[in-house]
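Take a look at the structure set out below.
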2 protein chains.
Amino acid sequence: MDLSERKLKILQAIVSDFITTSEPVGSRTLSKRPDIDLSPATIRNEMSDLEEMGYLTHPHTSAGRVPSDKAYRLYVDQLMKGSDLPAENKQEISQRLHKDADELDQTVEHAAQLLSEMTNLVSFAITPNRSESKINYINFLPVDEGTVVLMIVCEDGKVTNSAIRMNSPYTEENLTLMSKVMTHNFKGRAVSSVLTDNITSMFESDMQALSSLAGSVVPSFMKTLEKMLNVDLYMDGYSNIFRLPEYSDIAKAQNFLETVTNKEQFTNVLVNRENGLAITIGDENSEDLKDFALITADYKVNGKLVGRLGVIGPKRMKYGEVTSVIKYITDNLSQTFEMEAPAEAGEAKALPEEASDNDK
Amino acid sequence: MDLSERKLKILQAIVSDFITTSEPVGSRTLSKRPDIDLSPATIRNEMSDLEEMGYLTHPHTSAGRVPSDKAYRLYVDQLMKGSDLPAENKQEISQRLHKDADELDQTVEHAAQLLSEMTNLVSFAITPNRSESKINYINFLPVDEGTVVLMIVCEDGKVTNSAIRMNSPYTEENLTLMSKVMTHNFKGRAVSSVLTDNITSMFESDMQALSSLAGSVVPSFMKTLEKMLNVDLYMDGYSNIFRLPEYSDIAKAQNFLETVTNKEQFTNVLVNRENGLAITIGDENSEDLKDFALITADYKVNGKLVGRLGVIGPKRMKYGEVTSVIKYITDNLSQTFEMEAPAEAGEAKALPEEASDNDK
DNA sequence: TGTTAGCACTCCAAGTGTTCGAGTGCTAAC
DNA sequence: GTTAGCACTCGAACACTTGGAGTGCTAACA
C-alpha cells in the first residue's frame, strides 16, 4: 500500500499539529481543520492505515496519534513547506554577524548565540578543521633559559603556538637555524600529512648540530600540530530546553543536558556529519541522540575551510523555520568570511627574554 | 539574648541535618540524635527562640525548621567542622592535575572538571587576569598584501595576536621598524597602563614614516591589548543540579541554569570576589544569586598571577567537604604552576606570505 | 465501494475525600 | 528549667470518582 494524496495530507496535518502542540492529535481535532474535509471516522480509518505502515504510533488506546521517526523523515523530505525568514530577522542576522566580524572565533560564537535565540533551541557551532591546511612557516622564539615558544603558521593564516621546556641549553642561533630548517622541510605540506611523518629521522640527517634539542622539540612539534586540528565548539541556549514540554520531566531534561554537555563526544558527532544541510531525526542518530533531532549546515571560510553550525532539540521541531534560519546564518557567515581574511586570534604562554632579537 | 552553648549545638544539628537531607528538621528528629540529650519539647522551646533570633524559619505551621542565611553564615564561621580529604581523593587530584600540565588553559579546565566530579556541584574556573603583566615585545608579521598579524608577548609569557587589515600598502621594512619602535616604547610597561595611553601621538612623533599605517594599526593594537585582559571561564557539571532535590522544580532549575550560563555576567561576579577563600551565602550575593551559595579560592601562577576556582550550588551545601576539595585543588594548581612555566597556547589567524623572512 | 454515524469501550487527567504522620504550641506537672 | 501530654495543623499519599477525548467496530448510507 502506498500513500494516497489523502493520506499524505492527513499525515502532514498530524505532524505539523503535533509539532506545534506536542499533544497527540485525534481524529476529531483533524476533522475540524479547514483544509481537511472528512469525518472523524474516515480519518480514523486512514490513521489506522498510517499506523500499520509505520508512520504513526499510539501512546495508549484512547490517545491521539503521534508521528514516528519515519513520519518526520517523510515530512521533512516531502511535506514540509520551507518558510522564508521575515525581513527583520534577516536584517538582525546580518547586522549582528557583521559587527566585530574580524575575529572568526568570536563571530562563530555570536552566530551560535543568535541561532539559539532565534530558534529557542540549543545551538552549537564548530570552527573549521585544518587538517588539510598547508604549513607556511615554523618559528622558534626564545623565552628563558629553559623555555622557547614554538609557533606554526598555516597558509590559511592560522597561527598555533606552544611553549616547550628544553631539556638541554640552546642558543638563539640554534633556534633560528631550527626555524629555517623546519620551515624548509615542511612549508607547503598539509598538517595531516606531516603528522604521519617520521620527524626524528629528519633531525638526524639534517640537523646534527641540533640533535641535542630534538628530544625536546619533536614531541612538542607533534603535539602542536595535533592542536592545530582541534576545532572549537560553542554552544548556547541550554536553558531553552526548559520551555519545551517534553523536558518538563526532570529525568529527560537531565539526560538531554548530559548528552549535550559532553563536549568531546558531541564535537565528534558534529565533525562526522554529512556535508551541507543535514537533518537527522531520532534513530537516524547514534544511540545516545536517538530521542533528538539535529539540523546542521556548513559555512565556508575563504571559500574553502568548512565549519559547521546547527541546533539540537526534540524530534518535534519546526523543521522549516529552523532550517531557514540556519541556512541564512551559514550563508551569511560564508559571505562574511569570504570578503576579508578574518582574524582568528588566540594566545600562547612563554617567557621571552629578548624577543625583539628575533627581528634582526 | 545571645546564643547559649545548647542553642549552638541545636542549631548546628539542624543545619547539618538539613544540609544532608534537605528536609525541614523537627524536634523529635533532633531529640533522637545521640549527641542531643533533650526532650522534643525542650528542643521546641529552643527552636522557637532561635526562630525569633532569625536563625530559623518555618515553611508552615506543622513543618520542621529550616536554617536561614544567617544560620548558614554562623555555621560556616563557627560550627562547621572542616573535613580532611581521604587520601585517595588527594591522590586522584594530584594525578589528574599533573597529567598534561604543560598547558595552563587545559589544566585549569581539568581542575574545574575534577572539582565538579568531586563535589557533585556546578564548578567553574577562571584563568589569571593579565592587566598588570608587563609587555615584553611586540611583533608584526607579514601575511598578505592587505593583512599582517600583530603579536604581543608578555613577560609572564602570554602571547596574544590578532590579524590586522591594512588600509594602505606596507613593506616588510615598515613592519620591522614598527615592531622595533613599538617594542621600544612599551617594553616593561603593564598592559593596563598602556591601555590608558594616547598611542596615536606616539605615532605622530616617532614614526612619521609609518603614519600612513597608524590608522590601521592603532585600533587593532588597543583591541589586542584588551583581548589580553580577557579571562577564560570554564564551567563543568551543569547536569549535577538535577540530582539536588531543590531543583526538582523545573522553574528553579531553569532559573539556576540561566543564571549560571550567562558567562559574561558570571565572570564578572567571579572576578570581583574577595581574594583567598571566599564563601558567600544567599543574600550575601548579588540579587540574581541570592538563592545560591558560592565558594571560591585562588590559585597562583608563578607565585604571582592569580586565577580563581570554585563551585556554585544551593545554600544547603556541604561547606566543609567542598571547601577542603577546593583548597586542595587550588593549592595543587599553584604548586603545579610554580615549578615549571606552563604553556598557555592558542592560535591566531593570518596569511603570511614569506614569514621566515622575519628571522633574518 | 468508499464514507459516515453511532455506540461501546478505554484511558488519562483532574478533582475530591480520607487518612496518616510529623510537626507545632501551649499548659501543667515534675 | 525541663518534660509529658494534648489539641491542633498541615501536607503527602492514596483511593475513588468523573468527564472528556480518543479509539475501533459495525451498520447504514450515497
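Every chain is numbered from 1 and lettered A, B, ... according to where its sequence line falls, protein lines coming before strand lines. Excluded from the calculations below are hydrogen atoms, water molecules and symmetry mates; all remaining heavy atoms, backbone and side chain alike, are included.
Proximity of residues 18-37 of chain B to DNA chain D (heavy atom under 4.0 angstrom from any strand atom) is not detected for any residue. Across residues 60-69 of chain A, A:H60, A:T61, A:S62 each have a non-hydrogen atom less than 4.0 Å from an atom of DNA chain C (numbered order).
For B:D35, the side-chain hydrogen bond (donor to acceptor under 3.5 Å, both in side chains) partners are B:R33, not counting sequence neighbours. With sequence neighbours left out, B:T323 forms a side-chain contact (heavy atoms from CB on, under 4.5 Å) with B:L277, B:I279, B:I295, B:K327. The side-chain hydrogen bond (donor to acceptor under 3.5 Å, both in side chains) check on A:T296 picks up A:R273, with sequence neighbours excluded. Scored by the side-chain contact (heavy atoms from CB on, under 4.5 Å) test, A:S239 finds A:F242, B:L257, B:E258 as partners (sequence neighbours excluded). For B:N275, the side-chain contact (heavy atoms from CB on, under 4.5 Å) partners are B:D298, B:R308, not counting sequence neighbours. With sequence neighbours excluded, the residues forming a side-chain hydrogen bond (donor to acceptor under 3.5 Å, both in side chains) with B:S27 are B:R44, listed by chain and number. Applying the side-chain contact (heavy atoms from CB on, under 4.5 Å) rule to A:T61 yields no partners; only residues at least two apart in sequence or on another chain are considered. A:N262 is linked by a side-chain hydrogen bond (donor to acceptor under 3.5 Å, both in side chains) to A:Q265, counting only residues two or more places apart in sequence or in another chain.
For B:H58 and D:dT9, the NE2 to P distance is 14 Å, given to the nearest whole Å.
The 12-atom threshold is not exceeded at CG of A:D37, counting heavy atoms of other residues, nucleotides or ligands nearer than 6.0 Å.
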| said: What does the 5'-to-3' dot-bracket notation of DNA chain C look like when only Watson-Crick and G-U wobble pairs under 3.5 Å count, and pairs to other strands show as |? | reply: ||||||||||||||||||||||||||||||
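Protein chain B contacts DNA chain C from C:dA22 to C:dC26, reading 5' to 3' and using non-hydrogen atoms of the protein with a distance under 4.0 Å.
In this structure, B:F124 has its ring center no closer than 6.0 Å to that of B:Y234.
Both tests pass for A:K70 against the ring of A:Y55: distance under 6.0 Å to the centre and angle within 45° of the axis.
For the residue pair B:T259 / B:D288, no side-chain donor-acceptor distance below 3.5 Å is found, with atom types taken as modelled.
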